[in-house]
Amino acid sequence: MRTKIVAGNWKMNKLPSEAAALIEGIRKATNEGDCGVEVVVCVPFVDIPAAAAALKGSKIGLGAQNMHWKANGAYTGEISAGMLKDLGVQYVILGHSERRQYFAETDETVNLKLKAALEAGLTPIVCVGETLQEREEGKMQDVIVNQVTKDLAGCQEDFEKIVIAYEPVWAIGTGKTATSTQAQEVHALIRATLAKMNPAKAEKVRIQYGGSMKPNNAADLMAKPDIDGGLIGGAALEADSFAAIVAAGK
Ligand code: 13P
């Protein structure tokens, strides 16, 4: 049995001075994260110290939203896995579609970041997903198989340490959710792709759904056999809606 994992992706929202209040609300609403579901908040880099302090004594995990693959050096503006670890970060989102779309993230850089995150002992949440155009042109399967294969290349032995998030780009922030049947189809495809890479470990990988997951659709999505949690954007910015999604994963 895979433990479900529900992570909030705050994206570029909440000031450092606002982080503690939201986390306080999430602590209360999720019984300190002690609720049978792994609960994580992925906050902006500058919010990390405040979030780490506010999470002390709870079971809720702390995540970042990106990192560089190098350990240190002349990479102005970048943040390394070691820097995140030093602040108590345990998870990191890699290859979010917004980074692929706006910041030239590629499968090659996602793969480098994945290896660096694993090396540092961070739990990576690797995002994959097709655009609306790709889906309409019948390319969804090729896109997903290609992303999973390239992003996770060389990391087969560490599969149990990796979380994947299937986020159809057309469902992010649009209010359009994939139906649970549509999502399950892609999650099964992702698991079959993982099984080709390492048959012994594919069943251990948790695959989250992300894209307009809300309290009213979360239970239906997470009831599917290959949907092991959620990566939540908008609904993670409010403690009650985030906690309701966490509760739906029980
Ligand atoms: P929304 O839940 O706002 O659609 O965002 C999903 C997402 O991108 C999480 O990483």
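One-based numbering, in listed order, for ligands and for the atoms of each. Below, each value reflects all heavy atoms present in this structure, side chains not excepted, and no hydrogens, waters or symmetry copies. Quick note: residue numbers are just sequence positions, from 1.
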Could Arg206 and Glu38 be called an ion pair, given the rule that one side-chain N must be under 4.0 Å from one carboxylate O? yes
Taking the inter-plane angle between the rings of His68 and Tyr75 on a 0 to 90° scale, is it parallel (under 30°), tilted (30 to 60°) or perpendicular (over 60°)? parallel
Protein contact of atom 5 (O) of ligand 1 - nearest heavy atom, named by residue and atom, plus distance: Lys11 NZ, 3.2 Å
By the definition side-chain hydrogen bond (donor to acceptor under 3.5 Å, both in side chains), identify the one residue from Arg135, Gln141, Gln147 that meets it with Glu130. Arg135
Check whether any heavy atom of Gly173 sits under 4.0 Å from an atom of ligand 1. yes
Ligand-residue contact atoms, ligand 1 with Gly211, heavy atoms, under 4.0 Å: 4 (O), 6 (C)
Test item, Ala171 contacting ligand 1 (heavy atom, 4.0 angstrom): yes
In terms of atom number and element, which parts of ligand 1 are under 4.0 angstrom from non-hydrogen atoms of Ser212? 1 (P), 2 (O), 4 (O)
Ligand-side contact atoms (ligand 1) for residue partner Glu167, heavy atom cut-off under 4.0 Å: 6 (C), 7 (C), 8 (O), 9 (C), 10 (O)
Taking atom types as modelled and ignoring hydrogens, do the side chains of Ser97 and Gln101 form a donor-acceptor contact shorter than 3.5 angstrom? no
Atoms of ligand 1 less than 4.0 Å from Gly233 heavy atoms? 1 (P), 2 (O), 3 (O), 5 (O), 6 (C), 9 (C)
Give, for atom CE of Met213 and atom CD1 of Ile245, the distance between the pair rounded to the nearest 0.5 Å. 7.0 Å
Give a yes or no on whether Glu119 atom CD has more than 12 heavy-atom contacts from other residues, nucleotides or ligands under 6.0 Å away. no
Could you tell me whether Lys201 and Asp158 have a side-chain N and a carboxylate O separated by less than 4.0 Å? no
Of the backbone atoms (N, CA, C, O) and the side-chain heavy atoms from C-beta on, which set of Asn9 has a member under 4.0 Å from an atom of ligand 1: side chain, backbone, both, or neither? side chain
Tell me the protein heavy atom at minimum distance from atom 3 (O) of ligand 1, and give that distance in Å. Gly234 N, 2.8 Å
Using heavy atoms and a threshold below 4.0 Å, how should the contact between Ser97 and ligand 1 be classified: side chain, backbone, both, or neither? neither
